[in-house]
Number of protein chains: 2
Amino acid sequence: MPQSEKRPYDPDAPVDPRVETLVNELIGRVADKWTLLVLEELEEHGTCRFTRLAQLVPGISQKMLTQTLRAMERDGLVHRTVHPVIPPKVEYRLTELGQSLGEAFCGVWHWAEAHLREVEAARTAFDTRG
Amino acid sequence: MPQSEKRPYDPDAPVDPRVETLVNELIGRVADKWTLLVLEELEEHGTCRFTRLAQLVPGISQKMLTQTLRAMERDGLVHRTVHPVIPPKVEYRLTELGQSLGEAFCGVWHWAEAHLREVEAARTAFDTRG
DNA sequence: TGCTTATACTCTCCAAAAGAAAGTAGGCAC
DNA sequence: GTGCCTACTTTCTTTTGGAGAGTATAAGCA
């Protein structure tokens with residue numbers, strides 16, 4: 001795995017602007033509401049079929065689930081297994097890359113759980129002021 | 001700060017479904033492209049004015065910058081200081097809550113940097129196959 | 001006097017994206 | 001034949017996002 005080469009992340013290292021651009025793009029791509037929620041469910045439940053994911057992710061439409069899964073598959077985050085049977089059976093599971101992204105997002109889920117009340121309080125205060 | 005009470009995060013604990021819903025909503029809120037990029041710049045550069053942020057965040061429109069900052073302010077992530085002068089001067093800086101979210105997202109930025117190449121390779125492979 | 005500049009928005013219009021709901025394929029049970 | 005099953009796909013409507021012009025205000029300048 002030569003993708004890190006000799007940079008084990010130094011936060012003060014000067015970053016190649018091209019890399020920064022690409023990272024920003026990638027952040028924009030994975031920092032998507034549906035991507036995150038699908039990632040969460042696949043991480044929690046393991047291999048899932050389409051319909052099960054649609055039930056697990058609250059409020060997602062079939063169209064967006066299809067689009068999100070395709071994009072995640074293209075980015076190498078999920079693996080799609082088609083069983084050629086009738087009725088169709090398609091299974092989705094996280095790749096190693098997807099799992100590593102899930103772990104990277106762990107901190108955000110913890111944050112959301114830990115600071116939910118603070119955010120709610122801030123919203124109430126803001127709406128009262130405004 | 002009684003928001004964690006007696007639960008220092010146990011990943012296997014049964015989660016109150018209402019909490020899960022709220023966490024999902026909150027994730028959907030902060031897992032937004034512009035929120036993340038603004039957070040990143042404010043974390044890196046500290047206090048910033050509107051126009052500077054517009055320059056720092058690549059490709060954001062004024063409308064989206066205003067909306068994003070308002071939403072972040074409402075959620076208690078940024079503090080907005082208005083200096084009543086002409087021409088106007090408004091400064092934005094992360095609150096402690098915003099900083100903690102920035103730290104939580106650190107793992108994602110590291111992930112993006114570390115796995116950029118893998119994602120690019122996966123995309124190329126996907127596009128070639130398909 | 002009137003023109004320019006500066007800043008942080010705000011508004012309007014149009015294109016793009018998302019959501020809702022119906023349609024499709026194709027074998028199987030009835 | 002009718003309907004069911006699943007994983008989409010298509011169509012239509014609503015919402016959102018982006019581009020660009022407009023607004024308010026006072027100081028600086030000719």
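Just so it is clear, the model here is predicted, and its values are computed rather than measured. Naming convention: chains lettered A, B, ... in sequence-line order (proteins, then strands); numbering from 1 in each chain.
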Taking all non-hydrogen atoms of both residues, which atom of [X] and which atom of [Y] are closest, and how far apart?
{"X": "A:A104", "Y": "B:V108", "result": "O-CG2, 3.7 Å"}
{"X": "A:D75", "Y": "A:L97", "result": "O-CD2, 3.6 Å"}
{"X": "A:V30", "Y": "B:W111", "result": "CG1-CZ3, 4.4 Å"}
{"X": "B:G76", "Y": "B:T95", "result": "O-OG1, 2.6 Å"}
{"X": "A:A112", "Y": "B:L26", "result": "O-CD2, 3.9 Å"}

Starting at [atom1] of [X] and ending at [atom2] of [N], how long is that distance when rounded to a whole Å?
{"X": "A:Q55", "N": "D:dC5", "atom1": "CD", "atom2": "P", "result": "13 Å"}
{"X": "B:Q62", "N": "C:dT12", "atom1": "CD", "atom2": "C1'", "result": "14 Å"}
{"X": "A:K33", "N": "D:dT16", "atom1": "NZ", "atom2": "P", "result": "10 Å"}
{"X": "A:M64", "N": "D:dC8", "atom1": "CE", "atom2": "C1'", "result": "15 Å"}
{"X": "B:K63", "N": "C:dC13", "atom1": "NZ", "atom2": "P", "result": "12 Å"}
{"X": "B:D32", "N": "C:dA18", "atom1": "CG", "atom2": "C1'", "result": "14 Å"}

Neighbours of DNA chain D within residues 65-94 of chain B, by heavy-atom distance under 4.0 Å: B:Q67, B:I86
Scan the side chains in residues 34-50 of chain A for donor-acceptor partners under 3.5 Å anywhere in the protein, sequence neighbours excluded, and list what turns up.
| residue | atom | partner | partner atom | Å |
| --- | --- | --- | --- | --- |
| A:T35 | OG1 | A:R29 | NH2 | 2.9 |
| A:T35 | OG1 | A:D32 | OD2 | 3.1 |
| A:E41 | OE1 | A:H45 | ND1 | 3.3 |
| A:H45 | ND1 | A:E41 | O | 3.2 |
| A:R49 | NH2 | A:P88 | O | 3.2 |

A:H115 and B:L101, any side-chain heavy atoms less than 4.5 Å apart: no
Any B:V78 side-chain heavy atom under 4.5 Å of B:R80 side chain: no
A:R49 vs D:dA7: side-chain N/O to OP1/OP2 distance below 4.0 Å: yes
B:W34 side chain near D:dG18 phosphate (N/O to OP1/OP2, under 4.0 Å): yes
Cluster overlap B:M64 with B:V90, hydrophobic side-chain contacts below 4.5 Å: yes
Rounded (10°) bend between the five-pair end axes of the helix from C:dT1-D:dA30 to C:dC30-D:dG1: 30°
Closest listed nucleotide, where the reference is the side chain of A:T51 and the choices are D:dG18, D:dA7, C:dT7: D:dA7
